[in-house]
Each structure stands twice: as C-alpha cells, then as structure tokens.
Amino acid sequence: MGFIGHVDMTALGKREMGARDFIWLAALGTAARGPATLEDICHAIDVITLGQWLPVGELVMASVDEMSRGGHLQPAAGPEPRLRPTRRGRETLSMLLTQQLAR
C-alpha cells in the first residue's frame, strides 16, 4: 500500500490506496464541497465507510496537518477554523479519485 503524499506520480496506476490515502480523499473531498472543520472531515469518513472503519482522531489530525503543511489545504475565512483545498489539493483530489481500489 502506498501513500499519495510520498509516491512517484508515474507509479500511481500500480499501487493500492492505503488508509492515509482514504483520509486524504475524505478530507480533500469534504473541503472541496465547502470550507470544512475537522469534525466535518471525521463525519465524512464515518459516512463513507458506513461506520465500518473510523481512524483514530490523532491519525486524522496528523493527516490534515500534513496536508496543510504540504500546501494541499489552507485556512478559509470565517468565524471558526475551517479548511479549503488549494490548487495543489484539488489536483491531488483528482488523482485520488482516479485510483483503482483493490476491494
């Protein structure tokens, strides 16, 4: 299993999505629909997986922090802390949406 933040782009079609990739997909997808809070992202993961899998909060927070530091997410204006995708984040989301799933 790979991780989108650390993969050679030419190898994308040859790898399976890992747990962190799914977190990135949920976070970027949620933020692309509108500025999102960490709670919104966790709720999206719960809905997408039908409650069958929910990563620990620390893993979600670490992934969101990594996306922010890597220029995939940025703060959105507003009264409470929310995130929105950058251009790079939208490109990553597009790549994640084209990945084949093993199951």
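All values below were derived from every heavy atom in this structure, side-chain atoms included, with hydrogens, water molecules and symmetry-related copies excluded.
Nearest heavy atoms, Ala27 versus Met67: CB-CE, 3.5 Å. Contact record, Ala76 with Arg84: CB-CD, 4.0 Å, taken as the closest heavy-atom pair. Taking all atoms of both residues into account, the shortest heavy-atom contact from Leu93 to Ala32 is CD2-CB, 3.9 Å. A pairwise comparison of heavy atoms in Ala31 and Leu83 identifies CB-O, 3.7 Å as the closest pair. The two atoms that bring Arg88 and Gly71 nearest to each other are CB-O, 3.6 Å, heavy atoms only. Taking both residues in full, the closest heavy atoms of Ile41 and Ala36 are given as CG1-CB, 4.4 Å, listed atom of the first, atom of the second, then distance.
Separation of atoms CZ (Arg82) and CD (Glu39) is listed at 9.5 Å; rounding is to 0.5 Å. Atom CD1 of Ile45 sits about 11.0 Å away from atom CZ of Phe22, to the nearest 0.5 Å. Between the CD atom of Glu91 and the CG atom of Leu28 there is a distance of 11.5 Å, given to the nearest 0.5 Å. Rounded to the nearest 0.5 angstrom, Leu97 CG and Thr92 OG1 are separated by 11.0 Å.
At a threshold of 4.5 Å between non-hydrogen side-chain atoms, the residues Leu73 and Thr86 do not count as touching. In this structure, the side chains of Asp21 and Gln99 stay at 4.5 Å or more apart for every pair of heavy atoms. Taking the side chain as every heavy atom from C-beta outward, Leu59 and Arg20 approach each other to under 4.5 Å.
Looking only at distances, no side-chain donor or acceptor of Ser63 sits under 3.5 Å from a matching main-chain atom of Trp24. The closest donor-acceptor contact from the side chain of Arg69 to the backbone of Val64 lies at 3.5 Å or more, if one exists at all.
Judged purely by distance below 3.5 Å, without hydrogens or angles, the side chains of Thr37 and Asp40 pair a donor atom with an acceptor atom.
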